[in-house]
Amino acid sequence: MSEKEEEVSRLKLRLMETIRPGSVVYALKSKFGGANSSRTQITATRSSDGYGDPKIILENELQRGVVSATKAEKNSWWCVDLTENYALDDFDKHGVVYALANKFGGISSSRTRIIATRSSDGRGTANIVLENQLQEGIVSATKAKKNSWWCVDLTENYALYLTHYTLRHGQAQRGSVLRNWQLQGSVDGSEWTVLKNHKNDHGLGKLKSCGTYCTCTWAIHGELNAFRYFRIFQTGVNSSGRFDIFLSGIELYGVLVEIGN
């Protein structure tokens with residue numbers, strides 16, 4: 001095993017040692033009023049009711065004397081459903097980017113816990129994507145080069161199990177909108193995993209209200225893994241037939257893990 005492979009293995013091991021079983025269940029159940037709330041974002045079912053309520057498995061702590069079981073039948077099962085979607089508003093101040101950018105003095109502070117970089121500087125600065133709200137007239141983009149990218153680094157202190165993410169177009173005009181790209185995740189910034197592949201995606205081009213920048217939120221499906229880095233990697237031309245990435249905002253949602261020292 002090479003030195004680089006050993007470092008990646010150590011990083012992954014630190015992530016696994018930091019995770020607490022049930023963290024996703026607890027987060028979703030608690031955020032929307034508990035397991036019995038009509039707004040809950042997680043439900044539990046089972047093949048048959050023997051003892052107790054199926055939702056008991058969503059509880060973080062139990063009262064003494066609780067008994068919970070299915071009936072004694074073959075092929076019994078118990079299921080946890082994370083539901084179809086979170087109820088999200090784009091850039092609603094409940095995301096990871098907003099939390100980390102504002103917790104330690106803002107994106108320009110030397111104490112910040114989140115960093116943005118990009119493949120090249122066209123218009124504006126890379127850090128503009130960390131802003132939750134924009135001033136009018138902002139234009140933010142890379143240069144028009146193939147394989148352009150924009151990356152958010154949660155620093156060595158955090159990793160994220162991503163469930164949803166939001167993008168905001170880099171100018172008020174609807175030209176040069178992202179159409180073809182991948183959302184990628186990485187533990188070390190070198191090896192990348194494709195989390196979502198967008199081909200001729202018109203989601204970001206739909207203006208939700210007059211006079212504002214286009215935004216869109218997507219869900220991440222499939223097996224969840226925790227990553228430190230998240231990158232928008234352009235795989236084809238934008239709506240204007242060019243290779244520059246126009247972005248002015250990115251937000252990440254999911255379960256954030258603080259990495260112990």
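Excluded from the calculations below are hydrogen atoms, water molecules and symmetry mates; all remaining heavy atoms, backbone and side chain alike, are included.
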Taking all non-hydrogen atoms of both residues into account, name the closest pair between Leu154 and Leu100 and its distance. CD2-CD1, 4.1 Å

Contacts of Val139 meeting side-chain contact (heavy atoms from CB on, under 4.5 Å) (sequence neighbours excluded), chain-then-number -> Arg123, Gln171, Phe246

Supply the members, apart from Val194, of the Ile/Leu/Val/Met/Phe/Trp/Tyr cluster built from side-chain contacts under 4.5 Å; use none for a lone residue. none

With sequence neighbours excluded, what pairs up with Glu73 under the side-chain contact (heavy atoms from CB on, under 4.5 Å) test? Ser48, Lys71, Ser76

Output all residues satisfying side-chain contact (heavy atoms from CB on, under 4.5 Å) with Ser148, sequence neighbours left out; order by chain, then residue number. Ser119, Thr142, Lys145, Gln234, Ile245

Taking every non-hydrogen atom, the tightest pair across Ile232 and Tyr165: CD1-CE1, 3.9 Å

Measuring from atom CD of Gln184 to atom CG of Asn197, what distance do you get when rounded to the nearest 0.5 angstrom? 9.5 Å

Less than 4.5 Å apart, any side-chain heavy atom of Val237 and any of Phe243? yes

Side chain Thr217, main chain Thr166, donor-acceptor under 3.5 Å: no

Would you please test Asp90 and Tyr213 for side-chain hydrogen bond (donor to acceptor under 3.5 Å, both in side chains) and show each step? CA-CA 11 Å; Asp90 295 352; Tyr213 291 69; over 6 Å; no

Listed partners of Thr45 passing side chain to side chain donor-acceptor pair (under 3.5 Å), at least two apart: none

I need the minimum non-hydrogen distance between Pro54 and Trp78, along with the two atoms involved. O-NE1, 3.4 Å

How would you list, by chain and number, every residue that makes a side-chain contact (heavy atoms from CB on, under 4.5 Å) with Tyr229, sequence neighbours excluded? Cys151, Asp153, Ser186, Trp192

Non-hydrogen side-chain atoms of Leu195 and Phe227 separated by less than 4.5 Å: yes

Please say whether more than 12 non-hydrogen atoms of neighbouring residues, nucleotides or ligands are located less than 6.0 Å from NZ in Lys143. no

Within a strict 4.5 Å, meaning less than it, do heavy atoms of the Ser68 and Glu59 side chains meet? no

Partners passing side chain to side chain donor-acceptor pair (under 3.5 Å) against Ser176 (at least two apart in sequence or in another chain): Ser240

Gap between atom CG of Leu256 and atom CG of Leu162 - 0.5 Å precision: 11.0 Å

Smallest heavy-atom separation, Ala116 atom then Val129 atom, equals CB-CG2, 3.8 Å

Measuring only between side-chain heavy atoms, which start at C-beta, is Ile250 closer than 4.5 Å to Leu167? yes

Taking only residues at least two apart or on different chains, which pairs with a member in residues 230-256 satisfy salt bridge (Lys or Arg N to Asp or Glu O under 4.0 Å)? Arg242-Asp244

Which residues pass the side chain to side chain donor-acceptor pair (under 3.5 Å) test with Ser248, sequence neighbours left out? Arg168

Report yes or no: do Asn127 and Thr125 form a side-chain donor-acceptor pair below 3.5 Å? no

State the CG-CG distance between Leu204 and Asn238, to the nearest 0.5 angstrom. 11.0 Å

Would a hydrophobic clustering, with Ile, Leu, Val, Met, Phe, Trp and Tyr connected at side-chain separations under 4.5 Å, put Val96 with Val187? yes

Flag, side chain of Arg179 to backbone of Gly241, donor-acceptor distance under 3.5 Å: no

Side chain to side chain contact (heavy atoms under 4.5 Å, CB included) for Thr193 and Asn225? Distances and angles first, verdict last. CA-CA 10 Å; Thr193 298; Asn225 288 301; 6.0 Å; no

Is there a side chain to side chain contact (heavy atoms under 4.5 Å, CB included) between Asn102 and Asn132? Walk through the geometry before answering. CA-CA 10 Å; Asn102 288 275; Asn132 185 262; 5.6 Å; no

Can you list everything that forms a salt bridge (charged side-chain N to carboxylate O under 4.0 Å, His left out) with Asp49? Sequence neighbours excluded, please. Arg46

For the residue pair Ile138 and Ile128, what are the closest heavy atoms and their distance? CG2-CG1, 4.1 Å

For the residue pair Arg174 and Val177, what are the closest heavy atoms and their distance? O-CG2, 3.0 Å

Spell out, yes or no, whether Ile114 and Leu134 are grouped together once hydrophobic residues are joined by side-chain heavy atoms under 4.5 Å, including indirect joins. yes

Below 4.5 Å, heavy atoms only, C-beta onward: do Trp149 and Thr117 meet side chain to side chain? yes

Could you note down all residue pairs passing ring-ring contact (aromatic ring centres under 6.0 Å, His included) where residues 169-190 supplies at least one of them, sequence neighbours left out? Trp181-His198, Trp181-Trp218

Working note: Asp92 + Tyr253, criterion side chain to side chain contact (heavy atoms under 4.5 Å, CB included); need CA distance, chi angles, decisive distance, verdict. CA-CA 11 Å; Asp92 58 4; Tyr253 298 89; 2.7 Å; yes

Are Leu252 and Phe91 linked, directly or through other ILVMFWY residues, by side chains that come within less than 4.5 angstrom of each other? no

Between Lys196 and Ala219 (side chain of the first, backbone of the second, donor and acceptor by atom type, cut-off under 3.5 Å), is there such a pair? yes

Does the side chain of Leu178 reach to within under 4.5 Å of the side chain of Asp201, using non-hydrogen atoms? no

Contacts of Asn200 meeting side chain to side chain donor-acceptor pair (under 3.5 Å) (sequence neighbours excluded), chain-then-number -> His202

